[in-house]
Amino acid sequence: MTAGVRQQPRGAGRPRPGSSARPGLVGWLTASAVLAGIGYRLWLLAHSTPATNSDEATMGLAALHIARGEGFPVWFYGQQYMGTLEAYLAAPIFALAGGPSVLGLRLPTVALYALFLLLAWRLTLRLTGDRWFGLLVVALLALGSDRIVKNQLIAGGGYPEMNAAGVALALLAVDLAAGRPGRRLARWALWGFLAGLMLWVDPLVLPYVAATGAVLVGFCHRELRGRAGALLGSAAVLGAAPLLLHSLVNGRNPLRAVLAASGANSSADWADRLHGGLVLGPPLGMGFCAPGSCATWQLWWALALPVLLAVAAATAWRALRRPADPTPRAAAAMRLALVLAAVATLGAYTVSSAAGLTPVESSRYLSCLLISLPALLWPLWTAARRGSRPSAANRGGVGSTLVRPVAVAVLVATLGTAVHATWRATQTAPPTRAAEARHAELVSTLRQLGVRHVRAGYWTCNRLTFASAEDVVCAVVDDMLRPGFDRYPAYRREVERAATAAWVAPTGSPLAARLDELLRAAPGSLELVTVDGWRIYLPRA
């Protein structure tokens with residue numbers, strides 16, 4: 001037997017007696033929840049929801065360039081961090097479809113979500129052995145508030161991949177730590193590759209890489225000294241190869257870019273950071289809020305989360321210290337690791353200026369907290385199922401009487417709040433679909449007018465260029481018509497070389513107001529063409 005690998009006891013890893021009285025029923029219900037979660041997201045995609053934007057279009061343009069063989073970008077255009085894995089996943093779809101589309105860009109993100117859901121169910125069974133609890137976790141993850149589906153479906157860089165990879169790392173680590181036999185070297189290699197890949201894709205998942213890695217070191221340090229350690233290290237280097245090669249060739253440190261993006265160079269009041277990180281962040285980032293806002297009653301999760309973290313950590317620590325077979329001890333260690341990773345994620349976000357400056361939009365930085373959901377809710381579930389049977393030490397006490405109803409109430413509130421947030425998210429689909437139709441009309445009108453080069457705002461430019469498959473090339477300007485931030489500088493160079501360029505602005509925007517001023521100041525200098533929701537300003541010869 002390989003050093004460090006323990007023989008798994010007979011029956012280890014099976015559900016405990018009574019945890020799954022009717023596996024056939026719970027299996028069908030779980031499968032239905034999985035299909036409902038995937039179906040809900042496919043329905044959103046069919047309704048062009050969530051709304052796309054220029055950042056997602058930037059990833060789409062990278063995929064288009066890869067599909068055409070025109071470039072193989074390592075980083076999201078315009079920055080030196082956040083890998084372009086989503087672009088490489090979408091590129092074959094663009095090549096087969098004969099052109100780019102938001103649907104083609106998002107099909108891989110839907111697949112990543114389905115993988116996340118299945119792996120989360122599997123991880124829950126590994127950690128608890130309770131199929132009914134696995135159903136609860138899957139049901140919660142099948143729901144999706146506005147912020148959650150944006151993280152899972154928009155191919156804007158990193159977020160759709162992180163949760164699937166984080167759960168996979170935890171599942172691989174708990175199997176290796178428990179001494180689960182079969183394909184161990186393959187598991188070591190896959191864990192290393194995913195860990196390295198996430199270093200390139202997005203550093204937000206690093207707390208989960210570190211926490212699951214700590215479990216491996218604690219349980220398998222002897223095995224790591226041999227072939228397993230060498231294989232893990234080699235696979236990690238392979239996964240992080242784009243980052244490492246780019247850094248070596250260009251002499252740039254991606255960590256510095258990440259710190260700048262987190263707001264390290266900005267200033268935010270600590271009261272704002274604490275409010276954004278600990279009050280608004282958890283309910284927004286974990287899917288309990290309406291689109292773009294959190295009602296006061298939805299903030300209850302911000303109060304519940306610290307308590308759940310503390311209880312989950314304490315129960316996992318107690319289980320870890322009990323003499324037991326490797327399988328339950330490994331499960332307890334992983335639950336503790338997931339709790340600590342959640343604490344680290346929440347802490348890192350709270351101390352960043354992003355939590356204070358842009359708390360609503362920046363709550364996406366907490367998307368990885370969903371990986372810890374099985375560990376967070378397990379003490380509640382066990383209390384709800386067994387809390388009505390007081391222990392000998394506390395038989396008849398008030399505390400034992402209240403445990404079960406409180407646990408049930410929190411679980412019901414968690415599910416109910418997530419359902420309400422999901423329902424509110426579905427209401428955004430009709431207006432989003434209508435807005436997408438108006439944008440498609442804008443692209444069609446520009447083509448009919450023969451417009452090839454335009455100037456527009458940041459949130460218009462790359463979206464327009466992507467939607468037209470680069471038939472229309474756009475350079476970014478600010479509201480005062482000055483040059484703005486072009487993520488792909490080649491577009492600006494092309495627009496500046498053109499003899500004439502049109503202007504495009506959303507109706508009612510500050511840019512449209514500025515262009516209207518120019519039109520009134522110099523009548524005849526521009527020709528105005530209106531499309532529902534948009535204004536096109538054509539230069540006169």
Side-chain angles (χ1 to χ4, degrees), residues 48-65 77-78 99-103 105 154-156 431-541:
S48 305
T49 305
T52 188
N53 55 48
S54 271
D55 280 349
E56 184 176 29
T58 299
M59 188 67 77
L61 290 167
L64 180 62
H65 298 158
Y77 285 146
S101 67
V102 174
L103 177 61
L105 187 57
I154 293 178
T432 300
R433 191 176 192 179
E436 184 62 27
R438 291 193 294 270
H439 191 269
E441 184 182 357
L442 168 66
V443 175
S444 176
T445 301
L446 289 172
R447 282 173 166 158
Q448 291 172 8
L449 293 171
V451 175
R452 179 77 177 83
H453 303 94
V454 302
R455 292 184 173 90
Y458 176 86
W459 293 110
T460 299
C461 254
N462 276 6
R463 183 184 176 194
L464 183 57
T465 303
F466 175 71
S468 67
E470 295 186 315
D471 288 342
V472 178
V473 176
C474 183
V476 177
V477 294
D478 64 14
D479 293 338
M480 300 304 295
L481 310 185
R482 296 170 300 199
F485 175 42
D486 291 279
R487 287 194 172 275
Y488 195 66
Y491 294 149
R492 170 164 298 280
R493 292 193 293 268
E494 184 172 343
V495 170
E496 288 177 346
R497 287 196 300 266
T500 58
W503 304 80
V504 174
T507 301
S509 66
L511 179 58
R514 176 63 176 161
L515 289 166
D516 287 342
E517 288 178 7
L518 291 180
L519 195 58
R520 288 191 296 269
S525 60
L526 295 172
E527 178 184 353
L528 177 62
V529 177
T530 60
V531 179
D532 189 10
W534 296 91
R535 296 170 74 81
I536 304 170
Y537 302 82
L538 302 173
R540 291 185 182 274

Problem set entry | Audit row: Val443, His439, side chain to side chain contact (heavy atoms under 4.5 Å, CB included) steps and yes/no | CA-CA 6 Å; Val443 175; His439 191 269; 3.9 Å; yes
Exercise. Short question: side chain of Arg492, backbone of Val476 - any donor-acceptor pair under 3.5 Å?
Worked result: yes
Exercise. Where the side chain of Thr465 meets the backbone of Val473, is there a donor-acceptor pair that is under 3.5 Å apart?
Worked result: no
Problem set entry | Pairing of Arg514 and Glu517 as salt bridge, 4.0 angstrom limit |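 Glu517 and Arg514: salt-bridged.
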Problem set entry | Partner set under salt bridge (Lys or Arg N to Asp or Glu O under 4.0 Å) for Arg455, not counting sequence neighbours | none
Looking only at non-hydrogen atoms, find the nearest pair between [X] and [Y] and report the distance.
X      : Y      : result
Glu470 : Arg452 : O-NH1, 3.1 Å
Arg433 : Ser48  : CA-CB, 4.3 Å
Glu56  : Thr52  : OE1-OG1, 2.7 Å
Gly78  : Phe485 : O-CZ, 3.6 Å
Thr500 : Pro539 : CB-CG, 3.9 Å
Cys461 : Ser54  : N-OG, 3.8 Å

With rounding to the nearest 0.5 Å, note down the distance linking [atom1] in [X] to [atom2] in [Y].
X      : Y      : atom1 : atom2 : result
Asn462 : Arg487 : CG    : CZ    : 8.0 Å
Thr49  : Ile154 : OG1   : CD1   : 10.0 Å
Leu515 : Ser509 : CG    : OG    : 8.0 Å
Tyr488 : Thr58  : OH    : OG1   : 11.5 Å
Tyr491 : Asp486 : OH    : CG    : 10.5 Å

Counting C-beta onward and ignoring hydrogens, is there a side-chain heavy-atom pair between [X] and [Y] closer than 4.5 Å?
X      : Y      : answer
Leu518 : Leu481 : yes
Cys474 : Thr460 : no
Arg438 : Leu442 : no

Review item, side-chain donor-acceptor pairs of residues 444-451, under 3.5 Å, at least two apart:
residue	atom	partner	partner atom	Å
Ser444	OG	Gln448	NE2	3.3
Thr445	OG1	Glu441	O	2.8
Arg447	NE	Asp471	OD2	3.4
Arg447	NH2	Ser468	O	2.8
Arg447	NH2	Asp471	OD2	3.0

Exercise. When Trp503 is tested against each of Leu538, Val454, Val477 for side-chain contact (heavy atoms from CB on, under 4.5 Å), which residue passes?
Worked result: Val477
For this session: Quick one: list whatever passes ring pair (Phe, Tyr, Trp, His ring centres under 6.0 Å) with His453, sequence neighbours left out.
Result: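 With sequence neighbours excluded, His453 shows a ring pair (Phe, Tyr, Trp, His ring centres under 6.0 Å) to no residue whatsoever.
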Exercise. What pairs with Tyr458 under ring pair (Phe, Tyr, Trp, His ring centres under 6.0 Å), at least two apart in sequence or on another chain?
Worked result: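 With neighbours one apart ignored, the set is empty.
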Problem set entry | Listed partners of Tyr77 passing side chain to side chain donor-acceptor pair (under 3.5 Å), at least two apart | His65
Can you give me every donor-acceptor pair (side chain of residues 527-535, partner residue at least two apart or in another chain, under 3.5 Å) with its distance?
residue	atom	partner	partner atom	Å
Arg535	NE	Tyr537	OH	2.9
Arg535	NH2	Asp516	OD1	3.1

